[in-house]
Amino acid sequence: MYGTIMDTKRQFGMDSGFLFVFRNRTEEERMDQIKNELVSTVSHELRTPLSSLSGYIELMLARDLTPEKRERFLKTMAKEAKRLTALLNDFLDIQRMEDGHQEYKQDHFSLNKLVLEVIERFRETNDHAIHFDNADNDMLLIADRNRIEQVLVNLISNAIKYSPNEQEIEVRIRQDHNQAHVSIRDFGIGIPEHAFEKLFTKFYRVDNSDTRKIGGTGLGLSICKEIIESHGGSIEVESSIGKGSTFTFTLDLAEETS
Ligand code: ADP
């Protein structure tokens with residue numbers, strides 16, 4: 001969009017004042033559009049966990065609950081509350097990123113250890129079998145550890161979420177020259193080729209009966225891309241409908257990595 005305005009300016013010899021007004025208006029329209037999408041996504045996505053929570057509260061108020069039932073209900077409620085927090089965090093991240101207020105720390109850490117830690121947490125709470133194909137060497141990164149963790153969590157959650165009938169997930173890390181490659185592979189529903197281009201843009205969701213059933217905001221991948229690119233890395237996808245998907249991100253290693 002900006003490119004078009006610049007070309008017009010060159011063509012018609014507009015002064016920079018015009019350019020500034022055009023730019024601001026385009027930017028305002030873009031922000032309005034994002035806000036509108038945010039409001040409709042928030043209201044849609046908050047409704048499900050909220051109504052589930054109030055349903056369980058009603059059930060908990062019933063007197064004749066066995067201790068087992070009570071525990072099961074509480075566990076589900078905790079899951080729904082977690083989901084609400086995750087949603088809220090995604091919305092806040094998007095807003096910070098839009099405002100350009102996102103700051104990244106420069107932590108020194110082992111990528112291998114971080115990946116293992118994240119996988120172990122998933123193993124405790126999920127039925128999917130997550131295989132970890134670790135690299136032989138330790139890979140050191142200088143990056144914002146929490147944010148790289150967020151990318152891993154998003155990609156592994158998606159792998160689980162979009163493979164409802166297949167229980168296997170593979171996470172692989174490798175060093176190639178001075179770069180770390182991390183891939184998360186699932187054998188789930190897959191992604192149609194026409195969607196590859198838009199997949200990492202805000203609010204984009206593949207629209208078919210499977211994804212509608214599964215639900216989501218279309219924000220996770222755009223947050224992953226923003227984080228990885230802000231660290232000088234890249235993220236890509238390979239996928240085939242009905243066979244599964246592999247998301248791979250690449251980051252430069254710290255210099256002291258052997
Ligand atoms: P959300 O999952 O909340 O909709 P994301 O930004 O994480 O948002 O993903 C965007 C879209 O990409 C999803 O709606 C889904 O259509 C598709 N997608 C992401 N990961 C996978 C995956 N592992 N397998 C199949 N489709 C996926």
Side-chain angles (χ1 to χ4, degrees), residues 33-34 37-50 52 79-80 82-98 102 115 118-119 122 126-132 147-172 181-230 234-249:
Q33 196 195 339
I34 287 177
E37 284 186 83
L38 203 57
V39 170
S40 84
T41 310
V42 170
S43 30
H44 181 259
E45 284 303 307
L46 292 189
R47 189 164 290 141
T48 321
L50 274 177
S52 158
K79 245 191 197 163
E80 295 295 1
K82 246 190 178 167
R83 200 166 136 194
L84 282 172
T85 313
L87 275 174
L88 190 64
N89 285 337
D90 277 357
F91 297 140
L92 291 175
D93 279 346
I94 285 293
Q95 203 193 0
R96 261 199 303 266
M97 286 168 184
E98 279 304 315
Q102 188 60 56
V115 175
V118 171
I119 291 176
F122 272 102
N126 274 282
D127 296 334
H128 278 70
I130 307 179
H131 302 288
F132 182 29
R147 293 301 180 177
I148 303 302
E149 178 179 338
Q150 186 179 357
V151 172
L152 286 164
V153 169
N154 268 341
L155 295 178
I156 299 174
S157 304
N158 276 353
I160 293 172
K161 190 165 115 176
Y162 294 105
S163 52
N165 304 320
E166 297 296 330
Q167 295 294 304
E168 309 280 312
I169 309 285
E170 285 173 12
V171 180
R172 183 175 199 264
H181 295 263
V182 181
S183 340
I184 291 97
R185 180 174 187 198
D186 66 65
F187 302 87
I189 64 172
I191 298 162
E193 214 175 313
H194 70 80
F196 289 0
E197 203 186 312
K198 289 171 267 168
L199 208 62
F200 295 92
T201 47
K202 284 177 209 77
F203 302 105
Y204 179 77
R205 305 200 71 227
V206 175
D207 186 23
N208 59 36
S209 57
D210 285 332
T211 55
R212 254 173 269 141
K213 237 184 288 161
I214 292 168
T217 59
L219 291 176
L221 287 180
S222 69
I223 294 172
C224 290
K225 183 177 157 77
E226 166 78 29
I227 294 173
I228 294 298
E229 290 187 348
S230 299
S234 59
I235 181 164
E236 56 191 47
V237 61
E238 276 172 74
S239 186
S240 177
I241 278 287
K243 292 201 173 133
S245 312
T246 305
F247 284 83
T248 303
F249 67 86

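Each ligand, and each atom within it, is numbered from 1 in the order the structure gives.
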If you have a sec, work out which protein heavy atom is nearest atom 20 (N) of ligand 1 and how many Å separate them, to one decimal?
Asn158 ND2, 3.5 Å
Any Gly188 heavy atom less than 4.0 Å to ligand 1
no
Atom 26 (N) of ligand 1 [closest protein heavy-atom partner, distance rounded to 0.1 Å]
Ile191 CG1, 3.3 Å
Ligand 1 to Lys161, heavy atom cutoff 4.0 Å, flagged ligand atoms 1 (P), 2 (O), 3 (O)
Does a donor on one side chain sit under 3.5 Å from an acceptor on the other, for Gln150 and Asp93?
yes
Under 3.5 Å between any N/O of Leu221 and any N/O of ligand 1: does that happen in this structure?
yes
Donor-acceptor pair, distance only, cut-off 3.5 Å: does the side chain of Arg205 make one with the backbone of Arg212?
no
With a heavy-atom distance limit of 4.0 Å, tell me whether Val206 approaches ligand 1 through its side chain, its backbone, both, or neither.
both
Considering only the protein, which heavy-atom contact is closest to atom 23 (N) of ligand 1, and what is its distance?
Asp186 OD2, 2.9 Å
Evaluate side chain to side chain contact (heavy atoms under 4.5 Å, CB included) for Asp210 paired with Tyr162, printing each intermediate quantity in order.
CA-CA 9 Å; Asp210 285 332; Tyr162 294 105; over 6 Å; no
Where the side chain of Thr246 meets the backbone of Ile184, is there a donor-acceptor pair that is under 3.5 Å apart?
no
Working for side chain to side chain contact (heavy atoms under 4.5 Å, CB included), residues Phe132 and Val118
CA-CA 11 Å; Phe132 182 29; Val118 171; over 6 Å; no
With a 4.0 Å cut-off on heavy atoms, does Phe247 reach ligand 1?
yes
Near Gly190 (heavy-atom distance under 4.0 Å), the atoms of ligand 1 are 25 (C)
Polar side-chain atom of Asp186 near backbone of Gly244 as donor-acceptor pair, under 3.5 Å
no
Considering the heavy atoms of Thr211, write down every atom of ligand 1 situated less than 4.0 Å from one of them.
16 (O)
Any atoms of ligand 1 less than 4.0 Å from a non-hydrogen atom of Gly218? List them with their elements.
1 (P), 3 (O), 4 (O), 6 (O), 8 (O)
Under a 3.5 Å distance rule, please check whether His128 uses its side chain to pair with a backbone N or O of Glu166 as donor and acceptor.
yes
Rounded distance [0.5 Å steps], CG in Leu221 versus CZ in Phe247:
5.0 Å
Within-cut-off N or O pair, Gly216 and ligand 1, under 3.5 Å:
no
Would you check whether Tyr204 has a nitrogen or oxygen atom less than 3.5 angstrom from a nitrogen or oxygen atom of ligand 1?
no
Okay, side chain of Ser230, backbone of Glu226: is any donor-acceptor separation there less than 3.5 Å?
yes
Students should be able to answer this: which protein heavy-atom is nearest to atom 12 (O) of ligand 1, and at what distance?
Leu199 CD1, 3.3 Å
Can an N or O of Ser222 be found at a distance shorter than 3.5 Å from an N or O of ligand 1?
no
Nearest protein heavy-atom contact for atom 4 (O) of ligand 1: which residue, which atom, what distance?
Arg205 NE, 2.5 Å
Report the part of Leu219 in contact with ligand 1, treating N, CA, C, O as backbone and CB onward as side chain, heavy atoms under 4.0 Å; options are side chain, backbone, both, neither.
backbone
Identify the closest protein heavy atom to atom 21 (C) of ligand 1: which residue and atom is it, and at what distance?
Tyr162 CD1, 3.4 Å
Looking only at distances, can you tell me whether any N or O atom of Thr217, backbone or side chain, sits closer than 3.5 Å to an N or O atom of ligand 1?
yes
Is it the case that the side chain of Thr211 and the backbone of Val206 share a donor-acceptor pair, with hydrogens and angles ignored and the cut-off at 3.5 Å?
yes
Around atom NE2 of His44, are there more than 12 heavy atoms from other residues, nucleotides or ligands closer than 6.0 Å?
no
Testing the 3.5 Å rule here: is there a donor-acceptor pair between the side chains of Thr217 and Glu45?
no
Sub-3.5 Å N/O-N/O distance, Gly215 and ligand 1
no
